[in-house]
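See structure below.
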Amino acid sequence: MTGVWVLLGVVLLSVAVGVVLRLRDGRFRPARHHQSAREDAVDATAAIPYGSGPDGGLGAEVAEVGAALGERATLLQFSTAFCAPCRTTRRVLAGVAEMVPGVRHVEVDAEAHLELVRRLGVRRTPTVLILDADGREVRRASGAPPTRDAVFATLDEIATPRQMRADDDSSG
Amino acid sequence: MVDPRGLRFTAAVTTVVLAIVLATGSGWLLLGQTVVFAVAAVAGVRYAPYGLVFRSLIRPWLGPPATMEDAAPPRFAQVVGLLCGAVGAAGYLCGAWVVGCVAVALAFVAAFLNAAFEFCLGCQLYLFFRSTTAKGVSS
């Protein structure tokens, strides 16, 4: 009889976990290191930066994986071989990068860059970071492929408050 | 490449079997399920017993799938299932009921999420395990 109660509890737990994952996965959230200062300042330089570049830009990190930042934004995707939604994510992001000038899609094999994965706090795949022109992480989504519309909306959002800074990246 | 509907069918059957195991505490049934996990993990999901049932009995009624999926992620998930099943069966059969319960509960959550939400828990946690266990200065 105890087993039946255990089963009931585990079923309820599974449903709860599933619903929460459905609601959260694949949605873009503000980058964590910007979060505290986000309300009053767009440039949250006081917060702890992730990247090694000025203001926590990830230009050097992107160069390290053999790519360069997009002029306007970079869609940085972390994938593993054991990740079915990574394929869908790749299709969505590559499509957006093709359609929007200045936006580049960079896919990183997470297993080959575990040090970077740890530093950026990437725990699941796919994880997508949207970087601004300076390579700073502005948004992050993980666990499921973001929709194409969500990527477009986020790109619009991060492009509006700040005028585009041309050729300031030190990714060389 | 495998038919995603077959994977989901496999997950659904696995969920039911694990539910019966949880309810009855049957170590022998769990052992059977563990063998099923082992076949899928070793031979590949194409030869997974439930997958064969799907292909021979259900797929002819459904027709060809719209898309195919990579076989590596679900195979990894079967390995995770195999580990949970082995620990759980050992627990139940040796009288460590709680150990059996916890192991089966974990496997159940994973199979249920896969069947009901198309969410592959093992696939997603793979990176987490790698990044916490491996020394990983490799690039």
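Just so you know, these numbers come straight off a predicted model, no measurement behind them. Order of the sequence lines sets the chain letters (A, B, ...), proteins ahead of strands, with each chain counted from 1. Side chains included, hydrogens not; waters and symmetry mates left out as well; all remaining heavy atoms used.
Inter-residue side-chain proximity for A/R148 and A/F152 is flagged as met; some heavy-atom pair is nearer than 4.5 Å. Contact of the B/F54 side chain with the B/V13 side chain is not registered, since no non-hydrogen atoms from C-beta on lie closer than 4.5 Å.
Proximity to chain B (any heavy atom under 4.5 Å) is shown, for A/D109, by neither the backbone nor the side chain. For chain B, the nearby part of A/A81 is the backbone; its heavy atoms alone come within less than 4.5 Å. Contacts of A/T80 with chain B are made by side-chain atoms alone, with heavy-atom separations under 4.5 Å and no backbone atom involved. For B/C120, no part lies under 4.5 angstrom from a heavy atom of chain A. Proximity to chain B (any heavy atom under 4.5 Å) is restricted, for A/R22, to the side chain, taken from C-beta onward.
Neither B/V102 nor B/V87 shares a network with the other; the hydrophobic side chains, linked directly or stepwise wherever heavy atoms of I, L, V, M, F, W or Y lie under 4.5 Å apart, form separate groups for each.
In terms of heavy atoms, B/T34 sits closest to B/A86 at CG2-N, 3.7 Å.
Per-residue heavy-atom pair counts under 4.5 Å with chain B were compared for A/L8, A/V15, A/L13, A/V65, and the maximum is reached by A/V15. Of the residues considered (A/L21, A/V4, A/V117), A/L21 shows the highest number of contacts with chain B, using heavy-atom pairs under 4.5 Å. The greatest number of non-hydrogen atom pairs below 4.5 Å with chain A, out of B/P4, B/A77, B/P74, B/A19, is found for B/A19.
Rounded to the nearest 0.5 Å, atoms OG1 (A/T127) and CG (B/L127) are 7.5 Å apart.
Here the rule is side chain to side chain contact (heavy atoms under 4.5 Å, CB included) with B/I20, and of B/L22, B/L18, B/T24, B/V17 only B/T24 fits it.
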